[in-house]
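Input: a single structure, listed below in structure tokens.
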There are 2 protein chains.
Amino acid sequence: MTKREEFIYNSLKLIHQKGFKATTIRDIANVMECDVANVYNYIDSKQGLLESHLFSINEEFHNNVDDILASGYDPKAKLEKLISLYVEITMERPLEASLLVNEWRHLKEPKQTKFINERNKYERKVKKLLQAGMGCGQFRDMDSALATNMFLSSMRWLFQKYTNNKSKINRFDLERELVNYVYNGIGVSV
Amino acid sequence: MTKREEFIYNSLKLIHQKGFKATTIRDIANVMECDVANVYNYIDSKQGLLESHLFSINEEFHNNVDDILASGYDPKAKLEKLISLYVEITMERPLEASLLVNEWRHLKEPKQTKFINERNKYERKVKKLLQAGMGCGQFRDMDSALATNMFLSSMRWLFQKYTNNKSKINRFDLERELVNYVYNGIGVSV
DNA sequence: TCATTGCATCAACATTTGTTGATGTAAATA
DNA sequence: TATTTACATCAACAAATGTTGATGCAATGA
């Protein structure tokens, strides 16, 4: 691992643990065991650090989402692909993924508005997907706004909390359990 | 609304919007349209403000949880009461509730450890409840750790996001939809 | 060989931010 | 009336924090 990669990893880890605002340049310098000024060999500004992390993971995520939605699958299959995508990103870029949940609030304008707009757009897509599924009888009839939020919150948990327990469960088991929960809940199937 | 209540409400609102770390005493003074020093007529310190808000709502929540768990209801009924409790607290103390999700990270030791311990204890109780439900055939067989996290994340969404849209949906409709989602998912019941 | 690149060092500055002390004043309470 | 309570004002400080500029040095690559 080059020093630059080490820096990226450490800064991400710190921001994930303490939050962006609570993470100081001196904190980063500290875990890197280097001088404070040295941090600026890798970044332009603290804001820039947040922005690069956030928009990098955000773009990857949204691109993949669009690929899924543009595919020929039916709504149920698309939803499963979407869940699969969440699991994949969580496994591969856990620290960055967790930032998407909380730290976007510390973006400054106009980046923050940009981020929020993209997120809203994404949430509308999910809502449409759920409505499509209801329309063709694959999902039961629900308040679609509420269902969207509940689905999204079930996924957000992954991004937010699955940074620690990485090793504990197999990726495909996790995926299957998630699909099952979203699709059947915790009740016994009759 | 007395000036003190106005202060509590405004400070909560700011912390909810910007996060605790990003909310400055001067921000609070600003929305109160008063001098900076004046804020200290109501608080001892910024930390103290966070602590009082967090532990107040936390205690109320946990007390109610314990009452539910100590009751004679079966697991399914207990879970429904628990969901009902989430909705109730969300409706009555939305701003404080939202703090429980994110802002506990900014507690200082030993308060933070105390908070985390209580939360862990709570999560273990939920896990036990789910296991009990599986044991008596009310819930289907699942990885109980995973199921706990998914249930909790579905509830967390309320605390985190339901501060805006208060008026849009009836409380009991919301409750019913939540129970339905947790219990049956979004799939069609066969 | 020469220039570039990656990283280190040290000192310093301007802001932001939490906090305090001393004081005033008007209303509520006893 | 006397006293406490609630709130306001102003000035100021110490610490934390983001950022810069100038410089050195060793390895890489042309």
If you apply the rule side-chain contact (heavy atoms from CB on, under 4.5 Å), what do you find for Asn180(B) with Arg140(A), and how did you get there?
CA-CA 11 Å; Asn180(B) 226 322; Arg140(A) 66 181 170 78; 3.6 Å; yes
Please determine whether a side-chain nitrogen of the Lys or Arg among Glu103(B) and Lys21(A) lies less than 4.0 Å from a carboxylate oxygen of the Asp or Glu.
no
Aromatic Phe20(B) / basic Lys46(B) pairing, under 6.0 angstrom, 45° off normal
yes
What's the CG-P distance between Leu50(A) and dG18(D), to the nearest Å?
13 Å
In this structure, how many angstroms lie between the C1' atom of dT19(C) and the CD1 atom of Ile43(B), rounded?
10 Å
Starting at CD of Glu5(A) and ending at C1' of dG6(C), how long is that distance when rounded to a whole Å?
14 Å
Ignoring hydrogens and angles, does a donor from either the side chain of Arg4(A) or the base of dG6(C) sit under 3.5 Å from an acceptor on the other?
no
Length of the CD1-P vector between Ile8(A) and dG6(C), whole Å
13 Å
To the nearest Å, how far apart are Asn30(A) CG and dA16(D) C1'?
14 Å
In whole angstrom, give the distance that lies between atom CG of Asp27(B) and atom P of dT17(C).
7 Å
Between C1' of dA8(D) and NZ of Lys3(B), the distance in whole Å:
10 Å
Specify the separation, in whole Å, of atom NZ of Lys108(A) and atom P of dG18(D).
10 Å
Closer than 4.0 angstrom, basic N to acidic O: yes or no for Lys81(A) and Asp67(A)?
no
